[in-house]
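Below is one structure, written out as structure tokens; comments come after it.
Note on naming: letters A, B, ... go to the chains in the order of the sequence lines (proteins, then strands), and numbering restarts at 1 for each one.
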Amino acid sequence: FKMGNASKNENKEKKEFTKITFCLDWTPNTNHTGLFVAKGKGYFEEEGLEVEFVQPPEDGALLMCSSGQAQFAIDAQDTFAAALDGDKDYGVTAISAILQHNTSGIISRKGDGIVSPAGLEGKTYSTWESPIEMAMIKNVMEEENADFDKLKLIPNTITDEPAALAAKQTDAIWVFYGWGGINADIEKVDCDFFFFRDINPVFDYCTPVIFGNNEFMESNPEITKAFLRACKKGYEYAVENPDDAADILIKEDSTNSLQGADKLVHESQKWISKEYISDAKSWGYIDSSRWDRFYKWLYDNKLTKNNLSKTGYTNEYLSE
Amino acid sequence: MTKKLQNITDKLPPLIALLGFVLIWQLVCFFKIVPSFMLPSPIEVVLAIINDFSTLLHHGKVSLIETLAGLLLGIILAFVMATVMDRFVVLDKAFYPLIIVSQTIPTIAIAPILVLWMGFGMAPKITLVVITTFFPITVGLLEGYKSVDKDSLNLLKAMGADNLQIFYHLKFPRAMPYFFAGLKISASYAVVGAVVSEWLGGFEGLGVYMTRVKKAYSFDKMFAVIIVIVIISLLLMKLVKEIGKMSMPWLNLAKNENVNQK
Amino acid sequence: MTKKLQNITDKLPPLIALLGFVLIWQLVCFFKIVPSFMLPSPIEVVLAIINDFSTLLHHGKVSLIETLAGLLLGIILAFVMATVMDRFVVLDKAFYPLIIVSQTIPTIAIAPILVLWMGFGMAPKITLVVITTFFPITVGLLEGYKSVDKDSLNLLKAMGADNLQIFYHLKFPRAMPYFFAGLKISASYAVVGAVVSEWLGGFEGLGVYMTRVKKAYSFDKMFAVIIVIVIISLLLMKLVKEIGKMSMPWLNLAKNENVNQK
Amino acid sequence: MILLKAVDISKKYGEKTIIESVNINLKKGETVSLLGVSGAGKTTLLHVLAGISPPDGGKVFLMEEDITKNPGKIAYMMQKDLLLEHKKIIDNVALPLIIKGKSKKEARKEAIKYFKDFGLDNTQYKYPSQLSGGMRQRAALLRTYLSSNKVALLDEPFSALDNITKSAIQKWYLDTIKKIDLSTIFITHDIDEAIYLSDRIYILKGKPATITDEIDLGNLKKDTEKDFNLTEKFLELKKMIISKLV
Amino acid sequence: MILLKAVDISKKYGEKTIIESVNINLKKGETVSLLGVSGAGKTTLLHVLAGISPPDGGKVFLMEEDITKNPGKIAYMMQKDLLLEHKKIIDNVALPLIIKGKSKKEARKEAIKYFKDFGLDNTQYKYPSQLSGGMRQRAALLRTYLSSNKVALLDEPFSALDNITKSAIQKWYLDTIKKIDLSTIFITHDIDEAIYLSDRIYILKGKPATITDEIDLGNLKKDTEKDFNLTEKFLELKKMIISKLV
Ligand SMILES: Nc1ncnc2c1ncn2[C@@H]1O[C@H](COP(=O)(O)OP(=O)(O)OP(=O)(O)O)[C@@H](O)[C@H]1O
Ligand SMILES: Nc1ncnc2c1ncn2[C@@H]1O[C@H](COP(=O)(O)OP(=O)(O)OP(=O)(O)O)[C@@H](O)[C@H]1O
Ligand SMILES: [Mg+2]
Ligand SMILES: [Mg+2]
């Protein structure tokens, strides 16, 4: 597990590029648009970087970054807690927020009455059974005086949320609005949706987030900064040109998994482009107050052994 | 005395190999040749087993029930299929290729489909165990039935035995060693089958627990689960072996005697 | 003429069984006994294969390369292990139990760990194929070596043959049928091994494609992939069988002749 | 009185005719041997007589009854694999009774009576692999006897034994067969054995094979004479038979 | 001239002594047989002579050289499984040459010369399973010969054949052995065979087994006399040997 991938390219004819492996959190989607734009538009190249996007084993992006198989990876603040909380040093730090706000929430069939957490009572919810997820659902339900015990839980094996709802496999699913919510519109499945952050502001944590391998970043601070500069440029382009960016995403995705989903990508892009920077002073900035508040909540609710506030992130590699 | 000695010289080498393996593993961890989050040390794993014991027991029980139920159904299915296929050659010709095909389907691909069809209960898990286990048993039984020599068959025919009697007195006992050989292979795959299907959708069982601890980055617990799975598999194989020994007293005898006789 | 006839009566039943199976499947879909999103009809699956042909070919190639590389390494590993274990009884005693233990570890659990250790390339996939395939070959070879009777061994010793000559002239050829039997089993698991490891981390190969179409709820494509996997596995098994036949001319002869002789 | 009669038996395997127009008979109390080189078709003929292999022509009669293709009427001791390794001796021996519908308990009770007579004391609850070659032979013969048929067919009953152990068993066999009043046809390719044990010899020869000769030894008092097979009379007979065999 | 000499050989398996103080010798051109009941220890003794089984006491000399525990000096034809099924006849037969370091091509060239003499024309490129029993025997003997040792040990070379085919091969064997000038010790438990084929007979008997008798047949002109084994002289000898065996 050497940093083999980071070694200099031997090719003498061209400019020498630094190779970067970037581990995505999922199949390519509009969360990643800026990255693909940076690649497609040559922003990485301008910074002397050659970036390869890879996909992780199930839920493993962070670990791939820890192990040095990837220099950077995407994960979320909530799942990162488990890694921070143990007695082991995973050697990764959050260095940039892709979206400023948590855009996740619960989607349900229109007419079932799950317009807010109270409506979940007596319904079926597909869960990954992560403790934080459960605690959040419990919290938002209790905010509205609903009984969490009356929520029926089934394992989440769902990958196409609108279809699952339409087939009545389940009543409620956790989705990111920018993808799952938009997809429901596209598929013409009438749905209700609520954001967690609207019920309890503590849940407005950072997700998804770009992580970097500490060892790599400490020995290559300039490369790290250059990498984020290129990303930023990419996301800024996506904010300005959602349609064009969407096309670049589809084109640059070497896995071709978005082919045939043009409409979804474009619609999603239109919505999400507004979220990349949102109310922040610039793209990528991690709002420490929201970060710390969520981790404190975890600690207060005994979801972590340690108080993780003020740990695990830095804005120092971001350019102004 | 010599038998005891034999026993020791038989068991010593694997024990030493195992200890050596664990020792190297511990040293690799101790000198941080591999970072600790990538590979928990054996001590950590043992601690994880001790700390999580009741949880492991609970999930282990669920997986074990699925395994045993699947194995039992697999045996019944294999028995019926092999016996019918042995009786009617056409069916043998017709279904043997299909059975082989069924074994090249990745379980990881059908597990989610089974969950989709059968829900989140034990049914899809048991079904998956049946699918992974019936094959070695069926093949074993078929081979066993075919291993019966024409002369023995003629002997019973000459006595005027009907098909059922031939089956009971000759074919089935002759097929038993093959049956148990197949069953041993099945037993070694059965637990894994159950775990895979739980992994891909379920609420309880070692597979579910494994995804859970994996998400929590608890690799020590993850390894603990793997070790529990290995232990259950080995116990199951041992059980099959012992039942086999008990059901076929003539085989052990033959071995003991042959040393003295020939 | 009679041989041709035999060939037909051998191949007809499985063909009819297969067609019957597909027909029932189509009817189940046609009459919507199972909702179409849960089970694509055979026609849809065939269409999916045709439409996705180039994609399937691309991913299939990747999986096939991993499979073949893994199988080759598995053969080499198995050969070295079995030969060394056969030569030194202590090693046999020491490692045989460990090898069995290695088979009860769920691949689905170690695949992500392998990716973590070895990265995103083909290495972890090939390793997984090696792990799933070396076992049947090793066991086959060991059994084969052990199948050599004392008399043949003594015959060569009496000629003054050394260990290497005994291995070359006697042990290895005698072990070949066992080797190929093991290899056939390995071949049937190899593709699945590659697919599982891709499923759990990778960006090319049938396993990756499968997760992708599964996420898109394209069950017709999912089934198309399964069928491609089955076909590759069957072809691989067929290949092993043919190579086996070619490498052991004396076995086929024996069969033909025995009919006339005894 | 003729117990068993085979008329015009012929048998093919595939295109190949193995035996053709074979006529054979066996009188009550008689011991008849079937002599022929390896592959002549001796076993094939016995299979037909036992009813387990359908002939392509001809019929087999037991007394007056047609028993062609009707197994279970004649006891048959096969060329090898005499005992089922997975059954204890008592159950091996009692098998014909169980097949005929007796309960295991009854069958065992019936079988156990004969263990002493057949020199099988204390072997009841052993497995075949624990017995010596000679004992196995006797167990197989006891089983043949317990099928309680008047006629027994034996396929090379002694070929598995070495020449020296063989003569002891042959002697015992002659005595026993008389005691239990069995009429037998047995196969051998050992001329000495044929002369020593049988009242009559059929020679099976040719492709396809037929009975080419029948030699009556009824008037020889071989069992009374000591070392009969070392006498001149014996040698003459042997010479004669060899000349007919080749 | 004494070619092979075994002095005071004893051999145990585990706690059990199988043979004890066995002394044997073989002169040039001689054919000696080793007679004993099944399980006496005949094969055990031959294993020691061939050097593939270390004795617990005693030594084996070839000419004056000590060849105890030193295989490859004496040709040895085993009791069964004579030919390797996975090799063509030519390669089976040439195996001793290849083992001794010749190339496959050379070895084949050397071996092929003898196929005609041994009655094996046109079998070179066949596999053992395609040969009849008699041909297999001859191929095994040719292989034994090609190990180009002066002394050959044969363990029941004819026991697999039926009595009638056997005599033909035995005759051929006697002729051939003379032609190729081989000195042999062979095992049998068939008294007729021992008398017919050998110049001298050793009788191995007892538990543990020793050589209890040695019978010299050197002055019998058996091969010239037709049907020797049907003569009175033969019978007397046989009677004598039986009395010594039991
Ligand atoms: N099931 C069979 N199918 C085809 N041919 C057979 C079958 N059984 C026997 N034969 C052939 O029939 C011939 C006679 O065989 P059979 O076993 O009756 O001979 P045998 O006289 O009993 O010989 P042996 O003394 O070796 O037992 C042989 O040539 C054999 O190849
Ligand atoms: N490898 C062995 N281990 C233990 N005992 C053995 C071994 N080989 C032979 N024996 C025993 O040694 C005795 C002599 O066996 P051996 O094979 O030499 O007899 P034999 O005279 O050749 O008999 P046969 O005529 O049956 O070939 C037998 O009692 C046998 O059980
Ligand atoms: Mg026969
Ligand atoms: Mg022997």
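Between Val191(C) and Thr104(B), every side-chain heavy-atom pair lies at or beyond the 4.5 Å cut-off. Here the side chains of Leu18(B) and Phe95(C) are not in contact, with every heavy-atom distance at 4.5 Å or above. Taking the side chain as every heavy atom from C-beta outward, Ile100(C) and Met237(B) approach each other to under 4.5 Å. A 4.5 Å side-chain heavy-atom check between Val101(C) and Leu234(B) finds at least one atom pair inside the cut-off. Side chains of Ile105(B) and Ile229(C) form no contact here, defined as non-hydrogen atoms less than 4.5 Å apart. Looking at heavy atoms from C-beta onward, Met210(C) lies in side-chain contact with Pro106(B) at the 4.5 angstrom threshold.
Taking chain C as the reference chain and counting heavy-atom pairs below 4.5 Å, the highest number among Ser102(B), Ala190(B), Ala109(B) is found for Ala109(B). For chain C, the option among Val195(B), Ile16(B), Ile113(B), Val90(B) with the highest count of heavy-atom pairs below 4.5 Å is Ile113(B). Options Ile108(C), Val192(C), Thr107(C) differ in how many heavy-atom pairs under 4.5 Å they form with chain B, and the most are formed by Ile108(C).
A search for salt bridge (charged side-chain N to carboxylate O under 4.0 Å, His left out) contacts involving Lys184(C) returns nothing, not counting sequence neighbours. A search for side chain to side chain donor-acceptor pair (under 3.5 Å) contacts involving Lys238(B) returns nothing, not counting sequence neighbours.
Looking at Tyr96(C), neither its backbone nor its side chain comes within 4.5 Å of chain B, counting heavy atoms on both sides. If you measure heavy-atom distances from Lys214(B) to chain C, the contacts under 4.5 Å come from the side chain alone. For Phe223(B), the part lying under 4.5 angstrom from a heavy atom of chain C is the side chain only. The contact between Leu98(B) and chain C is made entirely by side chain atoms (from C-beta outward), counting heavy-atom distances below 4.5 Å.
The heavy-atom pair separating Ala17(B) from Ala94(C) by the smallest distance is CB-O, 3.6 Å.
Interatomic distance, Leu15(B) CG to Lys93(C) NZ, rounded to the nearest 0.5 Å: 13.5 Å.
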